[in-house]
Visitor: 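Encoded as structure tokens, here's the structure I'll be asking about.
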Amino acid sequence: MYNPYDRQGFPGFPGGGFGPGGGFGPGGGMPPGPPPGFGGGGTQAPTGPPPSQIPQQSPSLFAVDPGAISGCLFRFTYVWLNNGNSFWFYPTFVGRTSVAGYRWRPRQFRWVYFGIDTQRIASFSCNR
């Protein structure tokens, strides 16, 4: 059986996925069950690419608060990580310490389900 968690992985989490040692699970803040778009009546990925214009990064002196990024739910959001990586993201779930949704893969020209700990996010920008 195809398991999207095995293939996608979640960078920065030991084990690369859900469950014991995987960074998520009881109290970890991620939704239980299959990710949206893979059954269970979840939210679908956007049907087209993100905007072509990348917003300017505004510096953040504090850790990203899950409450702040929840204002970007179901909106195209540009994310800058602490490690210097950046990408378009379409958040569909915000937990206590994490956010999940769809990450744009420009080389593959598609959205892939993705989850990340909010402590790894340096800043983000969405049209509210």
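Excluded from the calculations below are hydrogen atoms, water molecules and symmetry mates; all remaining heavy atoms, backbone and side chain alike, are included. Because the structure is a prediction, the values reported are computed rather than measured. The residues of the chain are indexed from 1 along the displayed sequence.
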Visitor: Only counting residues at least two apart or in another chain, list the ones meeting ring pair (Phe, Tyr, Trp, His ring centres under 6.0 Å) with Phe74.
Guide: none
Visitor: With the side chain counted from C-beta on, respond yes when Pro51 and Trp88 share a heavy-atom pair under 4.5 Å apart, and no when they do not.
Guide: yes
Visitor: Can you name the side chain to side chain donor-acceptor pair (under 3.5 Å) partners of Tyr90, sequence neighbours left out?
Guide: none
Visitor: With Gln119, which residues qualify under side chain to side chain donor-acceptor pair (under 3.5 Å), at least two apart?
Guide: none
Visitor: Kindly write out the residues that satisfy side chain to side chain donor-acceptor pair (under 3.5 Å) with Ser70, not counting sequence neighbours, or none if the list is empty.
Guide: none
Visitor: Among Pro46, Pro91, Pro55, find the residue that satisfies the side-chain contact (heavy atoms from CB on, under 4.5 Å) test when tested with Phe76.
Guide: Pro46
Visitor: For Phe87 and Phe114, take the angle between the two ring planes, folded into 0 to 90°, and tell me which bin it lands in: parallel under 30, tilted 30 to 60, perpendicular over 60.
Guide: perpendicular
Visitor: Can you name the residues that form a side chain to side chain contact (heavy atoms under 4.5 Å, CB included) with Gln56, not counting sequence neighbours?
Guide: none
Visitor: Out of the candidates Tyr113, Phe109, Phe89, only one should pair with Trp104 under the ring pair (Phe, Tyr, Trp, His ring centres under 6.0 Å) rule; please name it.
Guide: Phe109
Visitor: Take Ile69 and Ile121 through the test side-chain contact (heavy atoms from CB on, under 4.5 Å) and record every step on the way to the result.
Guide: CA-CA 10 Å; Ile69 203 166; Ile121 300 173; 4.1 Å; yes
Visitor: Just verifying a value: how many Å separate Arg75 CZ and Thr92 OG1, rounded to the nearest 0.5 Å?
Guide: 14.5 Å
Visitor: Of all residues at least two apart in sequence or in a different chain, which pass the side chain to side chain donor-acceptor pair (under 3.5 Å) check with Ser86?
Guide: Tyr78
